[in-house]
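The analysis underlying the following values was restricted to heavy atoms, covering all of them including side chains, and did not include hydrogens, waters or symmetry mates. Predicted, not measured: the structure shown is a model, and the values here were computed from it.
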Amino acid sequence: EDVLCTVVKPICANGHEPTEIRGECCTTYVCGCTCSGFAGVGFTSFDSTSFTSTVVCTEVTVAQSIDGQFSISVYKNENSQIDYINVFSVEHGSLKISRSEAIQHILGQQSSTVSVSTGGEVNAHGFTVSRSYNEIRACIGSAQLAYTPCTGAWSVSVSAAYAGRMEGICGQCDGISDNDFTTAQYSTSASAVDYWTIYTNEECDDIICEDTTACDTTFSEVFDICS
């Protein structure tokens, strides 16, 4: 049976060209992708698939380039709160951003504190880090993290250069939501989470939800510091 494809090439922000992804029947275009999560429980993939995961005391790889050059992982405690988020680069080491808003750079056995004032931006060991009223932003290359420690809300954005070249529970960033959890290793969101999870303590208690109504939950726009 013939498949009719209606393809509209999008106009990307900043004048960037979209990446063309050729499927079995149709072609899609991707300008870039954003994956997001809230409080370590709710997730929305690069290609807009929403799901939940309540596993606790874990390290979850949410996004990783298929060449392994960078990855972003979320570390969840016994209450499924985010203790910290780790941004890893093969070249530049790791940037650890904690729920306490502390920022630490780690390279091998060496570690140092990264300080950035509200409204400021610093270049630290290959990472670009900025801070607004309640949000910390970090960039390595064209991968961007925005994290609000107060609420646990976060987002990861990558440019069109990584279209179809991502993996992790955020999916592939290829403009096709149907294949977010269809790989040789897994076929559902639950099995994808299990595949990309390291259990740091298997004797954790059940989730205890905290009241975050006192926090400002306003989400910023995808920031442009890495464009």
Side-chain angles (χ1 to χ4, degrees), residues 5 7-37 43-51 53 59-75 85-97 125-129 137-147 154-198 221-227:
C5 294
V7 179
V8 177
K9 186 175 180 179
I11 299 175
C12 301
N14 301 319
H16 295 168
E17 278 293 307
T19 295
E20 182 180 296
I21 304 292
R22 295 185 178 274
E24 294 182 1
C25 300
C26 301
T27 297
T28 59
Y29 290 93
V30 178
C31 283
C33 301
T34 297
C35 171
S36 60
F43 302 88
T44 301
S45 74
F46 284 131
D47 297 316
S48 302
T49 300
S50 297
F51 60 100
S53 173
E59 170 194 345
V60 183
T61 300
V62 296
Q64 175 175 287
S65 60
I66 59 175
D67 60 8
Q69 290 300 302
F70 72 86
S71 65
I72 298 175
S73 301
V74 171
Y75 291 73
I85 297 179
N86 191 66
V87 184
F88 170 77
S89 162
V90 169
E91 181 178 1
H92 301 291
S94 296
L95 197 69
K96 176 180 176 181
I97 307 173
H125 310 283
F127 297 88
T128 301
V129 185
R137 308 170 183 179
C139 166
I140 184 69
S142 61
Q144 311 170 39
L145 167 72
Y147 174 39
W154 56 268
S155 66
V156 173
S157 299
V158 295
S159 72
Y162 286 101
R165 298 175 55 205
M166 296 299 297
E167 57 187 0
I169 66 170
C170 281
Q172 302 178 49
C173 177
D174 60 359
I176 305 170
S177 60
D178 290 346
N179 67 4
D180 277 349
F181 309 116
T182 305
T183 71
Q185 291 79 26
Y186 45 80
S187 59
T188 65
S189 61
S191 58
V193 170
D194 187 63
Y195 181 84
W196 290 106
T197 293
I198 296 174
E221 295 294 325
V222 175
F223 52 95
D224 297 323
I225 61 174
C226 310
S227 60

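- Rounded to the nearest 0.5 Å, atoms OG (Ser187) and OH (Tyr195) are 13.5 Å apart.
- Nearest heavy-atom pair across Asp47 and Ser177 is O-CB, 3.2 Å.
- How far CG of Asn86 is from CD1 of Ile72: 9.5 Å, rounded to the nearest 0.5 Å.
- Taking every heavy atom of both residues into account, Val193 and Ile169 meet most closely at CA-CG2, 3.8 Å.
- A distance of 10.5 Å separates CD in Gln69 from CD in Gln64, rounded to the nearest 0.5 Å.
- Scanning both residues, Ala63 and Met166, for their nearest heavy atoms gives CB-CE, 3.9 Å.
- When the side-chain hydrogen bond (donor to acceptor under 3.5 Å, both in side chains) test is applied to Thr182, no partner is found at least two apart in sequence or on another chain.
- With sequence neighbours excluded, the residues that form a side-chain hydrogen bond (donor to acceptor under 3.5 Å, both in side chains) with Asp194 are Tyr199.
- Here the closest non-hydrogen pair linking His92 and Ile140 is CD2-CD1, 3.4 Å.
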Intermediate values then yes/no, ring-ring contact (aromatic ring centres under 6.0 Å, His included), Phe70 and Tyr162: CA-CA 11 Å; Phe70 72 86; Tyr162 286 101; 5.0 Å; yes
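- From Asp180, atom CG reaches atom OG1 of Thr188 across 12.0 Å, with rounding to the nearest 0.5 Å.
- Shown here for Gly168 and Tyr186, the closest heavy-atom pair between the two residues is O-OH, 4.2 Å.
- In this structure, Trp196 and Glu167 have side chains that are in contact, with non-hydrogen atoms separated by less than 4.5 Å.
- Sulfur-sulfur distance for Cys33 and Cys170: not below 2.5 Å, with no disulfide indicated.
- A distance of 5.0 Å separates CG of Leu145 from CD1 of Ile97, quoted to the nearest 0.5 Å.
- Trp154 approaches Ile85 most closely through the heavy-atom pair CB-CD1, 3.9 Å.
- With hydrogens and angles left out, the side-chain atoms of Gln185 and Thr183 include a donor and acceptor closer than 3.5 Å.
- Partners of Asp178 according to the side-chain hydrogen bond (donor to acceptor under 3.5 Å, both in side chains) rule, which considers only residues two or more places apart in sequence or in another chain, do not exist here.
- Partner Thr34 forms a side chain to side chain contact (heavy atoms under 4.5 Å, CB included) with one of Ser45, Ser155, Ser48, Cys173 and no other, that one being Ser155.
- With rounding to the nearest 0.5 Å, the separation of CZ in Phe127 from SG in Cys139 is 9.5 Å.
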